[in-house]
Amino acid sequence: MIDINLIRTDSNRVKENIRKKFQHEKLGCVDKVLELDKRQRELKIEADNLRASRNKVSSQIGLLMKQKKLEDVEKLKLEMKKNNERILEIDKELEPLADEIRNLMMTIPNIIDDDVPIGKDDSENVQRLKVGRAEVPQFEIPHHADIMESFAGLDLDSARRCSGNAFYYLVGDIALLHSAILTYARNFMVEKGFTYCIPPFMIRKEVVDGVMSFSEMENMMYKIENENLYLIGTSEHSMIGRFKDTIVKEDSLPILLTSYSPCFRKEVGAHGLEERGIYRVHQFEKQEMIVICKPEDSHDWYNKMWQISSEFFKTLDIPHEIMECCSGDLADLKVKSCDINAWSPRQKKYFGELGSCSNLSDAQARRLAIRYKTNNGTKFVHTLNNTVVAPPRMLIAFLENNLQKDGSVLIPKALQPYMNGRTKIFPKVK
RNA sequence: GGAGAGAUACUCAAGUGGUCGAAGAGGCGCCCCUGCUAAGGGUGUAGGGCGGGUAACUGUCGCGAGGGUUCAAAUCCCUCUCUCUCCGCCA
């Protein structure tokens, strides 16, 4: 939700932003908000004036009561009855007006950053950076599910029987690798100055509404039956929720956190849920980074954050690219966002979303009332989030890029301490 | 799950129908004292949301949320939510 003042003072900018995002059907919302807002203010002024006179008369009545001038009191009471009827009328008209404005405001997207590339959808995202040598080896790289199976490391059949489609068992070295990557990622972030945090894995509806748009919620969140609780889709949700309705100290900013959590996603509407392997699943684990900072600093933090991800990937010998999301691919709450895609020597292209770095500016802060105090009043903070690593997906890239011709997989130096010093793992199944 | 207590501004906290933007305190500003620190004395100051006004200023709403009673509600009534404490259960 953007500041309504921006619509009042510079509605063209808001409209221009909507055009940039190719959501032309929402252009009418802006004028509608202006119109409703005008009417709302007119009514409010009238009601405020009526209330002012009521307040005045009420204290008069108090005085007259003391002087026992009862007939005057009765006269005034009658007057106020009429007064109140009109107030009630106005309130009735005001009530749906406020809801309508709020609903419209919720659909108006956040103002995107000036340097976000303009484009309709993800096909127009722009490559910002390429790191590592994207090579195709002499031998053929099998599908990641096959690689895992060669290590006896993946059991999808049992997972389907136990939990259904898009669940998985990781076993043995593959499972160890999974956990090693997470632990490594956690320590990596702590060394960058981030504080490690384990958040709740379920959150209340109010927090859900604060951190994501309605359509995202519908497609992602699992609700707990008979409870006002949802399973988190990412620790970002509970990490930002941690600050709901708080005023943080100015000198505590920026707040740098790295959190671990399992993530649960319905993936409704996502294509290829039936696709083989563990690319798209209902449950995965993730190390996340969160930054809460002053508005003027969010731009810089955004750049720092995706660079940290890139550096992390580099230490795991994963060639990757940073793709800047174009205007049309940007979720409505986001000001700017980029994906980190890993090289797939099997598919011979970069593949999707091993991580996603976003600047939400004050969108979440506004909804959740997260502020900090300055010399002249309180201001909304800015919130940013970025994936450090989500191991199931990372495993795909990791295995493909570190696979050797003989079927073994190299463990990069950085990861070796977390794999009991092993430099290589070997397939179990011939 | 059972029982009890509570929710007031940045924080703590007083306040049971009219003079409550809401006592008091912390905080914050300035000054003094103490050679650091901890602490002490004096003095000043502000206060949230939404409106109107170039501005000084001004109107209104606000005391967990939503309803109700009343000319008038932090205060009375109803419903709901959340928090804390104790007990129970359990990694």
Separation between the C1' atoms of B/G47 and B/C10, rounded to whole Å: 9 Å

Touch class at under 4.0 angstrom, heavy-atom based, for A/Lys81 against every strand present: sugar-phosphate

Salt-bridge criterion met for A/Asp3 and A/Arg8 (N-O under 4.0 Å): no

Pairing residues for A/Glu100 by the side chain to side chain donor-acceptor pair (under 3.5 Å) criterion, not counting sequence neighbours: none

Any side-chain heavy-atom pair of A/Lys244 and A/Glu206 under 4.5 Å: yes

For atom CD1 of A/Ile370 and atom P of B/G48, their distance in whole Å: 20 Å

A/Lys314, NZ atom: more than 12 neighbouring heavy atoms under 6.0 Å: no

Taking only N/O atoms, report every protein-nucleotides 88-91 of chain B pair under 3.5 Å with atom names and distance.
none

Length of the CG-P vector between A/Asp245 and B/G64, whole Å: 14 Å

Side-chain H-bond candidate by donor/acceptor type, A/Glu288 with A/Ser235, under 3.5 Å: no

Whole-angstrom distance between B/U83 and B/C12, as gauged at atom P: 16 Å

Pi-cation contact, A/Phe284 with A/Arg393 (under 6.0 Å, within 45°): no

Between B/A56 and B/U69 - P atom distance, rounded Å: 40 Å

Side chain of A/Arg204 - closest among B/G18, B/U60, B/C82: B/C82

OP1 or OP2 of B/G59 under 4.0 Å from side-chain N/O of A/Asn55: no

Sub-4.5 Å side-chain heavy-atom contact between A/Arg242 and A/Cys197: yes

Same-atom distance (C1') from B/G66 to B/C86, integer angstrom: 31 Å

Separation between the C1' atoms of B/A14 and B/G21, rounded to whole Å: 15 Å

Minimum heavy-atom distance A/Pro427-A/Phe151, with the two atoms named: N-CE2, 3.6 Å

Short N-O contact, A/Asp329 and A/Lys120, less than 4.0 angstrom: no

Spacing of the C1' atoms in B/U45 and B/G52 (rounded, Å): 27 Å

A/Asn110 versus A/Ser361, side-chain donor and acceptor atoms under 3.5 Å: yes

Protein-nucleotide distance (A/Ile87, atom CD1; B/U70, atom C1'), rounded to Å: 13 Å

Salt bridge flag under 4.0 Å for residues A/Asp332 and A/Lys26: yes

Sugar-phosphate, base or nothing in reach of A/Arg371, heavy atoms under 4.0 Å: nothing

Rounded C1' spacing from B/G40 to B/G26 in Å: 16 Å

Parallel, tilted or perpendicular: rings of A/Tyr418 and A/Tyr184 (30°, 60°): tilted

Show me the protein contacts with nucleotides 27-30 of chain B, counting only N or O atoms at under 3.5 Å.
none

Ring centroid separation A/Tyr222 to A/Phe264 under 6.0 Å: no

Interatomic distance at C1', B/C31 relative to B/C20, whole Å: 33 Å

Residue-level proximity of residues 206-213 of chain A to RNA chain B when a heavy atom falls under 4.0 Å: none

In B/G62, glycosidic geometry as syn within 90° of 0 or anti otherwise: syn

Selection from B/G18, B/C61, B/G59 that lies nearest to any side-chain heavy atom of A/Arg54: B/C61

Side-chain touch A/Arg160/A/Phe167, heavy atoms, less than 4.5 angstrom: no

Closest approach of A/Leu384 to A/Cys293 (non-hydrogen atoms, all atoms of both residues): CD1-SG, 3.8 Å

Main-chain N/O of A/Phe201 paired to A/Ser238 side chain as donor or acceptor, under 3.5 Å: no

Touch class at under 4.0 angstrom, heavy-atom based, for A/Asn83 against every strand present: nothing

Backbone N/O of A/Asp155 and side chain of A/Ser158: donor-acceptor pair under 3.5 Å: no

Rounded interatomic separation in angstrom, taking CD1 from A/Ile61 and C1' from B/A73: 15 Å

Given RNA chain B, 5'-ward residue of the pair A/Gly62 and A/Arg51, judged by closest heavy atom: A/Gly62

What does the list of N/O pairs under 3.5 Å between the protein and nucleotides 50-52 of chain B look like, with a distance for each?
unit_1 : atom_1 : unit_2  : atom_2 : d
B/C50  : O2     : A/Lys44 : NZ     : 3.2
B/G51  : OP1    : A/Arg8  : NH1    : 2.7
B/G51  : OP1    : A/Arg8  : NH2    : 2.2
B/G52  : OP1    : A/Arg41 : NH1    : 2.7

Pair assignment for RNA chain B - dot-bracket with | for other-strand partners, Watson-Crick or G-U under 3.5 Å: ((((((((.[[[..)..(.....]]].(((((.......)))))...(((((....)))))..[[[[[..)....]]]]])))))))....

Smallest separation among heavy atoms of A/Val116 and A/Cys325, with atom names: CG1-O, 3.6 Å

